[in-house]
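These notes are about the structure you will find just below.
Order of the sequence lines fixes the chain letters, A, B, ..., with proteins taken first and strands second; residue numbering starts at 1 for each chain. Quantities reported herein were computed from a predicted structural model and do not represent experimental measurements.
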There are 2 protein chains.
Amino acid sequence: MSPTRVRNRRATINDVATAAGLSRGTVSRVVNGERYVSDEAKIAVEDAIARVGYVRNSAARNLVTQESRAIALIIHEPHSLLFEDPNIGSILLGANAVLSKADYQLVSLIIDSDRDSRRVADYLRGGLVDGAVIISARASDPIASAVRDIGVPAAFVGHPPGTPDLPYVAIDNAAAARAITERLIGTGRRRIGMIASAMDRDSGNDRFTGFRDALGERFDASLVVEYPLYTYAAGLEGMQELLRRCPEIDGVFAASDAVAAGAMTALQESGRKVPDDVGIVGFDDSSWALRTRPQLSTVKQPADLLGSTAAELVLAQIEGRPSLAQVLDTTVVWRESA
Amino acid sequence: MSPTRVRNRRATINDVATAAGLSRGTVSRVVNGERYVSDEAKIAVEDAIARVGYVRNSAARNLVTQESRAIALIIHEPHSLLFEDPNIGSILLGANAVLSKADYQLVSLIIDSDRDSRRVADYLRGGLVDGAVIISARASDPIASAVRDIGVPAAFVGHPPGTPDLPYVAIDNAAAARAITERLIGTGRRRIGMIASAMDRDSGNDRFTGFRDALGERFDASLVVEYPLYTYAAGLEGMQELLRRCPEIDGVFAASDAVAAGAMTALQESGRKVPDDVGIVGFDDSSWALRTRPQLSTVKQPADLLGSTAAELVLAQIEGRPSLAQVLDTTVVWRESA
DNA sequence: GTGAAAGCGCTAACAT
DNA sequence: ATGTTAGCGCTTTCAC
């Protein structure tokens with residue numbers, strides 16, 4: 001049962017004040033743990049709070065303090081990708097860890113329609129959050145410019161072209177792709193292809209660029225296939241297509257681990273051995289990489305650090321500290337697939 | 001650039017009223033799209049809003065209306081499981097679709113520490129949301145009883161033992177497990193084992209119960225291994241252990257598709273053929289099921305419907321309609337793995 | 001150390 | 001159809 005309290009109405013600070021025989025001001029001071037309250041008053045208030053079952057109304061508090069101590073994390077992903085992408089969970093957890101420590105509530109808002117997009121923009125505009133991190137926005141995502149217009153402190157994870165000029169955290173996809181492609185070249189592969197994905201996003205586009213640059217003159221556009229999403233299915237089909245175009249292909253860079261896993265299945269179904277006949281590398285170092293046989297050589301991307309850094313960028317802005325874009329390091333993890 | 005507005009202060013309804021030469025009341029009516037405003041006034045207000053750059057302050061509005069038009073979705077999962085579980089994304093999207101249509105904002109709150117747990121409880125208590133969906137709470141999860149105590153309209157996805165007496169949506173895990181196990185028995189398997197997972201949750205526990213019941217007298221406890229999480233790794237290790245205990249095993253029920261995929265890898269590494277030597281079935285009909293070779297026979301669980309139904313249960317309570325627990329149907333999807 | 005009072009920005013009931 | 005007014009529940013000067 002709930003404590004004795006006024007029927008049909010949540011107890012307010014006034015009820016507490018009356019019950020404690022003190023003023024609202026004093027109750028407020030106790031509730032906010034301020035100095036200058038006698039032990040006597042403190043006890044009386046705490047006792048009264050328990051008796052009337054008081055809990056503070058956040059709307060009222062936010063109204064007067066003009067802050068909410070909440071940060072939004074906006075996820076705008078195509079349906080299928082939402083939880084197919086192992087990075088999202090890590091980014092979320094990374095951001096939550098930082099915000100939690102700073103005593104901010106992380107609220108995740110997902111955008112799955114234009115209607116959502118508008119509602120989320122209103123949510124931000126209304127002052128219900130003090131800042132926002134925008135995750136994996138596509139190029140020229142309307143929510144991205146909305147965030148800029150609203151003027152709420154914000155940071156992006158990733159840095160798509162057309163993104164408003166706001167702080168971001170990203171990895172250097174092109175450099176990472178170049179590094180792993182060079183390493184693949186170093187194993188003596190002669191005909192190297194790529195299964196590119198998500199070319200409408202910075203990640204997909206830059207990974208392709210890095211691949212092309214690493215190959216230089218040896219780059220062969222006919223050995224590149226492109227799919228809209230980073231999925232296992234894309235890898236499966238893409239590899240089959242590549243095999244059709246060039247049966248002698250002996251090296252493949254897949255735009256993500258999921259894609260690489262699909263490609264490996266296609267390779268094995270075609271009777272080829274990995275890495276003996278064909279070497280294959282992925283990107284992410286997600287749990288996919290350990291699931292394939294042989295295990296995948298891949299690029300390790302610090303997803304949780306991406307999330308925590310973005311959160312810190314937002315906090316910095318709120319506190320008036322400088323908040324600068326950051327590019328995080330990646331490393332190549334070499335296993336058995338190439 | 002932002003529109004002409006009072007420096008260093010967001011425009012309020014008063015600024016709009018002054019600029020339009022009308023009263024606050026009229027401005028409020030226009031903003032809320034109420035009847036009884038002349039076209040003339042409407043235009044004047046809209047014009048003034050644009051000029052001063054007015055956006056409504058949600059805290060103030062929520063304070064007077066005593067509602068927020070937001071619903072929380074609380075995710076309390078162990079780290080690794082968070083985005084390993086393909087159902088979560090679907091549940092989220094399902095809930096979002098329903099709430100979006102009803103013009104409610106879905107805010108996802110993740111609990112990853114005790115600190116988070118307290119903060120989320122405060123968030124709910126503070127009146128920042130009008131309702132909550134609690135997803136996959138473990139048995140006796142403290143947040144579950146907190147939600148009950150707070151008294152906010154709520155619904156659970158899943159129905160762990162020890163859960164407060166609140167509406168929930170679930171599938172009948174035991175019945176589904178029984179159905180697919182019986183089908184496996186029907187293929188003539190003699191030594192059937194199970195890789196159980198997450199026995200501290202209703203899903204894991206009930207799937208085991210269903211398996212045991214289906215086998216009846218033929219149930220052999222030594223053919224059951226148990227792991228804390230529904231993961232590929234659990235399947236891999238679990239299958240190796242089962243093979244060690246009983247090399248003649250010819251049928252396996254894995255508690256989830258991810259587990260089944262791991263088990264299949266172990267089986268293949270041991271030189272066994274699926275389904276010829278060993279038949280294997282999973283649970284979820286997630287994207288995992290299509291990724292294995294051969295593809296998995298499994299139980300299809302309507303994850304998005306779980307989310308949308310839970311959201312409807314919450315809306316029903318808010319609107320004072322009856323809100324009853326629901327058990328959703330599952331179906332067996334028979335493919336090639338057994 | 002505590003009380004009184006003003007006001008955050010908005011809606012809604014009541015006048016007119 | 002529009003203006004006036006009284007709060008919503010809280011924090012925060014400013015007195016004392």
Side-chain angles (χ1 to χ4, degrees), chain A residues 5-6 8-46 48-49 52-70 122-123 125-128 130, chain B residues 5-6 8-49 52-70 122-123 125-130:
Chain A
R5 81 166 70 151
V6 184
N8 281 335
R9 216 187 92 240
R10 277 177 56 162
T12 74
I13 203 172
N14 284 306
D15 299 327
V16 177
T18 307
L22 290 162
S23 74
R24 301 210 306 263
T26 302
V27 174
S28 178
R29 280 171 209 121
V30 172
V31 170
N32 293 303
E34 279 168 36
R35 299 173 311 264
Y36 304 131
V37 272
S38 64
D39 290 351
E40 197 182 347
K42 185 152 179 265
I43 290 168
V45 168
E46 282 166 350
I49 286 176
V52 304
Y54 170 74
V55 299
R56 169 159 76 194
N57 178 310
S58 300
R61 172 168 229 255
N62 293 350
L63 176 58
V64 41
T65 60
Q66 301 280 45
E67 63 164 23
S68 66
R69 295 209 76 82
D122 285 348
Y123 196 85
R125 251 192 289 274
L128 261 17
D130 298 340
Chain B
R5 80 166 71 153
V6 184
N8 283 333
R9 214 187 95 242
R10 276 175 58 162
T12 74
I13 203 171
N14 285 305
D15 300 326
V16 177
T18 307
L22 289 163
S23 75
R24 300 211 306 264
T26 303
V27 175
S28 179
R29 280 173 208 118
V30 172
V31 170
N32 293 302
E34 278 169 37
R35 299 172 311 262
Y36 305 130
V37 272
S38 64
D39 290 351
E40 197 182 347
K42 185 154 179 259
I43 289 167
V45 168
E46 282 167 351
D47 183 62
I49 286 177
V52 305
Y54 169 74
V55 298
R56 169 160 76 194
N57 179 310
S58 299
R61 174 168 226 256
N62 293 350
L63 176 57
V64 42
T65 61
Q66 301 280 45
E67 64 165 22
S68 65
R69 296 208 75 84
D122 285 347
Y123 196 85
R125 251 192 289 273
L128 261 17
V129 292
D130 298 339

C:dG3 P sits how many Å from A:Y36 OH, rounded?
17 Å
Checking the side chain of B:T65 only, and the main-chain atoms of B:R61 only, is there a donor and an acceptor separated by less than 3.5 Å?
yes
Taken to the nearest whole Å, CG/B:L22 to P/C:dC10 is 16 Å
How far does CG of B:L128 sit from CG of B:N62, to the nearest 0.5 angstrom?
7.5 Å
On DNA chain D, which is the earliest and which the latest nucleotide, 5' to 3', with an atom closer than 4.0 Å to a heavy atom of chain A?
D:dG9 to D:dT13
Less than 4.5 Å apart, side chain to side chain, heavy atoms only: is that true for A:R24 and A:T12?
no
Assign A:A41 to base, sugar-phosphate, or nothing according to its heavy-atom contacts below 4.0 angstrom with the strands shown.
sugar-phosphate
I'd like to check B:V16 versus B:R56 (side-chain heavy atoms, cut-off strictly below 4.5 Å). Are they in contact?
no
Look up atom OG in B:S23 and atom CG in B:N14, then write down how far apart they are to the nearest 0.5 Å.
10.0 Å
Could you check B:N57 against A:Q66 for side chain to side chain contact (heavy atoms under 4.5 Å, CB included), going step by step and ending with a plain yes or no?
CA-CA 10 Å; B:N57 179 310; A:Q66 301 280 45; 3.9 Å; yes
Say you draw a straight line from CG of B:D15 to CD1 of B:I49; how long is it, rounded to the nearest 0.5 Å?
11.5 Å
Would you say B:E34 has more than 12 foreign heavy atoms packed within less than 6.0 Å of its CD?
yes
Taking the basic N atoms (NZ, or NE/NH1/NH2) and the acidic carboxylate oxygens, is any pair closer than 4.0 Å for A:R125 and A:D122?
yes
Axis deviation across the helix from C:dG1-D:dC16 to C:dT16-D:dA1, five-pair ends, to the nearest 10°:
40°
Working to the nearest 0.5 Å, report the span between OG of B:S58 and CG of A:L63.
11.0 Å
Could you tell me the separation between the CG atom of B:D39 and the NZ atom of B:K42, rounded to the nearest 0.5 Å?
7.0 Å
If a protein heavy atom is under 4.0 Å from the base, mark B; if only from the sugar-phosphate, S; if neither, -; do that for nucleotides 11-16 of chain C going 5' to 3'.
BBB---
Tell me the interatomic distance from A:E40, atom CD, to C:dG1, atom C1', rounded to whole angstroms.
11 Å
CG of B:L63 versus P of C:dG7: gap in Å, rounded?
17 Å
A:N62 CG to C:dC10 P, straight-line distance once rounded to whole Å:
14 Å
